[in-house]
Chemist: 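Please find one structure pasted underneath; my questions will follow.
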Amino acid sequence: MMPRMDRSDGLFLYRQMLLIRRFEEKSAEMYALAKIAGFLHLYIGEEAIAVGTIAALRSDDYVISAYRDHGHCLARGSDPGHVMAEMFGKTTGLCHGKGGSMHLVDAPRRFMGGYAIVGGHIPLATGLAFATKYQALDLVTVCFFGEGAIPSGQAHEALNLAALWKLPVIFVCENNRYGMGTPAERAIALYADVAETARSYGITAERVDGMDVLAVRDVMRKVVAQVRAGQGPLFIEAMTYRFMGHSMSDPAHGHYRTKEEVEEYRKRDPLLLLKQTILSSNLGTEADFTQLEREVGEVMTTAVKFADESPFPAPSELYNEVLAE
Amino acid sequence: MLISYREALNQAMREEMRRNSRIFLIGEEVGYYQGAFKVSKGFVEEFGPQRVVDTPITEAGFTGLAIGAAMAGLHPIVELMTMNFGIVALDQSVNNAAKIRYMSGGQLSVPLVIRGPGSAAHQLGAQHSQSLEAWFCHVPGLKVIAPATPHDAKGLLKSAIRDKNPIIFIEAQLLYGTKGDVGDGEYTIPIGVAEVKRVGHDVTIVAYSKMLLLALEAADQLSREGIEVEVIDPRTLKPMDLPTIVASVKKTGRLVIVEEGWRFCGLGAQVAESVYTAAFDYLDAPIQRVTGEDVPMPYSRPLEDAAIPDKPRVIDAVKTVCGRR
Ligand SMILES: Cc1ncc(C[n+]2csc(CCOP(=O)(O)OP(=O)(O)O)c2C)c(N)n1
Ligand SMILES: [Mg+2]
């Protein structure tokens with residue numbers, strides 16, 4: 001069996017998660033400065049899912065996500081400066097400022113977008129998978145969505161089609177236990193085992209600790225190999241927690257959950273867990289982490305500077321890209 | 001060659017599918033049943049079930065799947081059993097198909113045709129008799145086509161399939177059996193180009209889909225009464241060929257717009273606004289609209305007849321703009 005991680009690998013995973021964490025913190029800061037507006041949903045606390053999943057993919061596999069999408073986009077390798085510029089609404093943004101935080105797209109990296117109608121992008125994922133199967137390509141499609149999408153009709157329609165046609169798609173349900181403020185137990189009939197939803201369509205489904213990036217990557221490596229080999233769709237329920245509010249208009253705990261609950265989950269911070277593993281297995285030292293902090297800090301400084309100094313799109317851009325020529 | 005509207009559509013898809021293996025047809029009963037209205041007769045035999053895909057009853061699911069497949073380089077033709085069921089997939093067509101290109105800053109495109117019959121047939125009741133073209137025309141990012149004759153249906157469907165954008169292609173149950181000449185050999189008709197179907201100098205009628213046939217019948221009768229009507233079929237509803245309509249109105253000074261859809265916020269209101277803006281000084285009388293009545297379609301035959309434009313109402317409107325009532 002492949003060793004779970006070696007030094008460079010462990011530090012790589014940590015760096016990816018750290019980049020997302022610092023990116024999100026910077027985003028919150030920039031939101032407070034009104035450099036970023038509109039809706040802003042942070043991924044803080046959930047980094048291990050994007051990083052562990054995407055580490056198990058090939059660069060030509062497809063990834064698609066919901067609106068809490070910065071983490072997936074960055075884990076896919078998008079340039080933090082172009083992502084930040086998009087959130088600033090700048091012309092140098094990934095989508096020239098036309099998408100925004102919730103609609104990041106990086107086509108060359110096969111990041112096929114963030115979508116903000118809950119459940120609505122899940123059928124798109126089956127379509128990406130349909131296209132790869134149609135062309136006999138050995139690609140997989142990964143679809144990230146929150147547990148809040150599970151009761152939606154479109155999720156069920158997509159699960160049924162994926163199972164019916166054995167499409168090479170992996171559904172990754174990021175179960176952070178809440179929609180906006182509604183806990184899963186008040187929203188999902190099968191809340192105690194959300195993966196059961198997929199099993200009811202004959203899709204193999206399992207649950208993973210979404211705070212443990214190694215556990216996520218391990219299960220994804222196995223599952224990606226199965227799906228790539230043509231075994232049809234798979235469903236992963238990654239148990240996680242968002243440390244921040246649903247969006248920037250929502251405080252970290254609010255009325256719907258307690259401060260104590262948030263504190264409890266913060267003890268299983270995915271960055272903390274990986275750092276402890278790396279240190280205890282002597283794959284790295286405090287100095288390594290200090291170094292990573294410095295590197296990522298520089299990346300973020302450059303990214304923000306790039307976004308800030310970039311121009312806004314000219315008004316003449318308004319009608320461009322509505323239709324293809 | 002004299003063929004039916006149904007056969008014209010069949011030829012258009014068949015010719016295009018022979019040219020390009022990325023094109024596939026997907027929808028309910030399109031394969032072994034040969035289409036609810038037998039438009040895809042012989043397709044599964046020629047192209048196989050991989051390219052003529054029977055779906056479960058899951059409009060949001062398969063429309064979304066088709067959009068995803070288009071994003072990954074295929075060119076789907078989605079058959080909706082009728083446009084009424086497109087409402088179930090409206091999230092996909094409006095929130096995804098129409099917006100993905102723009103939101104992604106032009107990185108992604110959705111070459112896709114969604115086709116099927118709109119408008120009333122005979123006594124199918126309120127849920128199966130709707131003319132929803134105005135809904136789709138309202139949405140930036142979609143093109144909308146509604147041909148009336150076999151010749152236009154064939155040429156425009158071929159163009160639609162070759163286009164790089166999401167297209168809503170509206171047929172009509174009562175047109176499927178109508179016959180017309182499509183000539184020999186392949187041809188296409190450009191999207192966004194109207195056709196003067198009958199030349200006249202007294203009044204302009206704008207009418208599309210089924211209503212074109214009504215307008216032509218009315219024009220015949222009016223001619224016998226000494227009123228020469230120019231009949232224009234926009235064929236493409238969006239983008240609409242307003243210059244052709246405006247040029248005709250400048251010649252005749254009078255305009256009647258006929259549509260089966262509901263009056264309030266109907267397509268004719270938009271055409272009237274455009275003509276008032278472009279040719280107000282040329283108008284000799286206020287523009288008249290003949291429309292469907294603002295009611296859910298009743299079942300009972302006399303009530304249904306009362307709800308749909310007919311020849312006497314068209315003739316009446318023409319005489320009104322001519323001051324001959
Ligand atoms: C169809 C639809 N209904 C409502 C909303 C408003 N809304 C945005 S996010 C959200 C909660 C979604 O929760 P979940 O899917 O668990 O994702 P999370 O935010 O927890 O990542 C809601 C209700 C929406 N965007 N789309
Ligand atoms: Mg959630």
Side-chain angles (χ1 to χ4, degrees), chain A residues 62 64 86 91 93-100 102-108 110 112-117 119-135 137 139 141 143 152-154 156-162 164-165 167 169 313 317 319-325, chain B residues 21-22 24 26 49-51 53-76 78 88-92 94-112 139-143 163-167 191-192 238-239:
Chain A
Y62 286 111
I64 190 164
E86 183 61 31
T91 188
L94 283 178
C95 310
H96 315 314
K98 283 175 173 157
M102 303 194 290
H103 305 299
L104 302 173
V105 173
D106 194 344
R110 294 276 163 105
M112 305 303 277
Y115 296 86
I117 304 297
H121 71 294
I122 308 180
L124 301 182
T126 63
L128 295 166
F130 180 94
T132 60
K133 185 169 178 172
Y134 185 97
Q135 296 171 91
L137 304 171
L139 299 178
T141 294
C143 179
S152 79
Q154 300 211 61
H156 286 259
E157 296 193 27
L159 288 172
N160 183 62
L161 286 176
L164 187 69
W165 295 338
L167 300 176
V169 54
E317 278 294 307
Y319 279 90
N320 291 345
E321 312 300 357
V322 176
L323 291 167
E325 291 309 314
Chain B
S21 65
R22 287 172 177 264
F24 67 99
I26 182 168
Q50 199 217 354
R51 295 183 66 196
V53 185
D54 279 325
T55 69
I57 303 156
T58 182
E59 282 81 4
F62 67 72
T63 304
L65 182 145
I67 295 166
M71 289 160 67
L74 299 189
H75 199 133
V78 173
V88 180
L90 213 52
D91 175 47
Q92 288 300 332
V94 175
N95 278 320
N96 287 337
K99 295 183 176 48
I100 281 172
R101 183 172 178 84
Y102 196 76
M103 292 197 304
S104 69
Q107 292 181 76
L108 302 174
S109 26
V110 182
L112 169 77
V139 181
L142 298 177
K143 293 184 182 178
D163 201 272
K164 296 195 185 77
N165 296 287
I167 293 184
I191 293 170
K238 192 177 184 184

Chemist: Under 3.5 Å, side chain of A:K98 to main-chain N/O of A:E321, donor-acceptor pair present?
Modeler: no

Chemist: Parallel under 30°, tilted from 30 to 60°, perpendicular over 60°: which one fits the rings of B:F24 and A:Y134?
Modeler: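 Because their plane-to-plane angle lies in the 30° to 60° range, the rings of B:F24 and A:Y134 count as tilted.
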
Chemist: So do A:H103 and A:C95 actually touch side chain to side chain, heavy atoms under 4.5 Å?
Modeler: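 No - every pair of side-chain heavy atoms lies 4.5 Å or more apart.
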
Chemist: Quick check on B:V53 against chain A: is it the side chain, the backbone, both or neither that has a heavy atom closer than 4.5 Å?
Modeler: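 Looking at B:V53, just its side chain touches chain A.
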
Chemist: Output yes when a side-chain donor or acceptor of A:E86 lies under 3.5 Å from a complementary backbone atom of A:H96, and no otherwise.
Modeler: yes

Chemist: Between B:Q50 and chain A, with a heavy-atom cut-off of 4.5 Å, which part of the residue counts as in contact: side chain, backbone, both or neither?
Modeler: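 Looking at B:Q50, backbone and side chain both touch chain A.
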
Chemist: Measuring heavy-atom distances to chain A, does B:I26 have an atom under 4.5 Å in its side chain, in its backbone, in both, or in neither?
Modeler: side chain

Chemist: Shorter than 4.5 Å, heavy atoms on both sides: which option in B:K164, B:R22, B:R101 has the most such pairs with chain A?
Modeler: B:R101

Chemist: Using atom types as modelled and distance alone, determine if a side-chain donor or acceptor of B:N96 lies under 3.5 Å from a backbone N or O of B:G64.
Modeler: no

Chemist: Heavy-atom distances under 4.5 Å only: say whether A:N160 touches chain B with side chain, backbone, both or neither.
Modeler: side chain

Chemist: Checking B:T63 against chain A: side chain, backbone, both or neither under 4.5 Å from a heavy atom?
Modeler: neither

Chemist: Quiz question: by atom type and distance under 3.5 Å, do the side chains of B:E59 and B:Q92 form a donor-acceptor pair?
Modeler: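 Looking only at side-chain atoms, B:Q92 and B:E59 do not form any donor-acceptor pair under 3.5 Å.
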
Chemist: For A:L128, is it the side chain, the backbone, both or neither that has a heavy atom under 4.5 Å from a heavy atom of chain B?
Modeler: both

Chemist: What part of A:I122 is in contact with chain B, defined as an atom under 4.5 angstrom from a non-hydrogen atom: side chain, backbone, both or neither?
Modeler: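 Contact with chain B involves no heavy atom of A:I122 at all.
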
Chemist: Against chain B, work out which of A:L323, A:T126, A:L104, A:D106 has the most heavy-atom pairs shorter than 4.5 Å and name it.
Modeler: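 That would be A:L323.
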
Chemist: Is any side-chain heavy atom of A:F130 closer than 4.5 Å to one of A:L161?
Modeler: no

Chemist: Counting only non-hydrogen atoms closer than 4.5 Å, does A:L139 touch chain B with its backbone (N, CA, C, O), its side chain (CB onward), both, or neither?
Modeler: neither

